Amino acid sequence: MNDRGARADVFTALQDLAEVIPEMRAGQLMAAVGELCADLHGRGLWDADDDEVLEAVWQFRRNYEAAAITN
């Protein structure tokens with residue numbers, strides 16, 4: 001079972017990510033995070049716990065920001 005705090009943190013992190021990458025549509029962001037979550041934890045969005053999705057959102061953002069710095 002997921003706790004309410006982690007769930008709220010996921011939505012906040014997704015909103016923050018959407019602001020950092022405004023050119024990506026919501027579905028694109030979710031798909032990209034879901035793929036990364038599957039890579040990190042072996043479970044996609046449907047099966048992942050909220051804390052696993054949150055970790056994937058944070059990792060996606062770190063990856064994006066690192067790529068942006070090198071370009």
Side-chain angles (χ1 to χ4, degrees):
M1 172 173 266
N2 293 317
D3 67 66
R4 289 183 176 277
R7 183 177 180 185
D9 291 345
V10 168
F11 290 123
T12 299
L14 284 169
Q15 179 64 41
D16 292 345
L17 182 61
E19 291 172 7
V20 170
I21 314 172
E23 63 272 14
M24 288 185 77
R25 297 185 311 272
Q28 290 173 315
L29 284 173
M30 293 302 298
V33 167
E35 289 293 320
L36 183 55
C37 188
D39 290 347
L40 292 171
H41 303 290
R43 300 189 295 189
L45 292 177
W46 190 261
D47 296 314
D49 291 332
D50 289 342
D51 58 337
E52 293 170 333
V53 175
L54 184 58
E55 181 183 351
V57 173
W58 289 337
Q59 185 62 50
F60 188 86
R61 182 172 178 163
R62 285 191 298 266
N63 292 350
Y64 176 82
E65 290 172 341
I69 289 171
T70 61
N71 287 333

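Scope of the values below: all heavy atoms of this structure, side chains included, with no hydrogens, waters or symmetry mates. Positions are given from 1, in the same order as the sequence printed here. Here the structure is a predicted model, which means the values were calculated and not measured.
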Undergrad: Check whether any side-chain heavy atom of Asp16 sits under 4.5 Å from a side-chain heavy atom of Arg61, and report yes or no.
TA: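 Yes, at least one pair of side-chain atoms sits under 4.5 Å.
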Undergrad: Atom CD1 in Ile21, atom CD in Glu65: separation rounded to 0.5 Å?
TA: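 Going from the CD1 atom of Ile21 to the CD atom of Glu65 covers 8.0 Å.
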Undergrad: Minimum heavy-atom separation for Leu45 to Met30, with atom names?
TA: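 Looking at all heavy atoms of both residues, the closest pair is CD1-O, 3.3 Å.
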Undergrad: Begin with the C-alpha distance, continue with both residues' side-chain angles, and end with the deciding distance and a verdict on side chain to side chain contact (heavy atoms under 4.5 Å, CB included) for Asp49 and Arg43.
TA: CA-CA 9 Å; Asp49 291 332; Arg43 300 189 295 189; 3.6 Å; yes
Undergrad: To the nearest 0.5 Å, what is the distance between CD on Gln15 and CG on Leu29?
TA: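 Gln15 atom CD to Leu29 atom CG measures 10.0 Å (nearest 0.5 Å).
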Undergrad: Do the side chains of Val20 and Phe11 join up, straight or via other hydrophobic residues, at under 4.5 Å, putting them in one cluster?
TA: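 No, because Val20 and Phe11 fall into different hydrophobic clusters, even though each may have its own neighbours under 4.5 Å.
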Undergrad: Nearest 0.5 angstrom please: Leu36 CG to His41 NE2, how far?
TA: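 Between Leu36 CG and His41 NE2, I get 8.0 Å after rounding to 0.5 Å.
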Undergrad: Could you tell me which non-hydrogen atom of Glu52 sits nearest to which non-hydrogen atom of Ala48, and how far apart they are?
TA: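 Scanning both residues, the minimum pair turns out to be OE1-CA, 3.4 Å.
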Undergrad: Quick check for you: to the nearest 0.5 Å, what is the distance between Met24 atom CE and Phe60 atom CZ?
TA: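 Nearest 0.5 Å value for the CE-CZ distance: 4.5 Å.
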Undergrad: Hey, which of Leu14, Val10, Leu40 is the one that makes side-chain contact (heavy atoms from CB on, under 4.5 Å) with Val53?
TA: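 It is Val10; the other options fail the test.
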Undergrad: Is the count of non-hydrogen atoms from other residues, nucleotides or ligands lying under 6.0 Å from Arg25 atom CZ greater than 12?
TA: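 Counting other residues, nucleotides and ligands, CZ of Arg25 stays at 12 neighbours or fewer.
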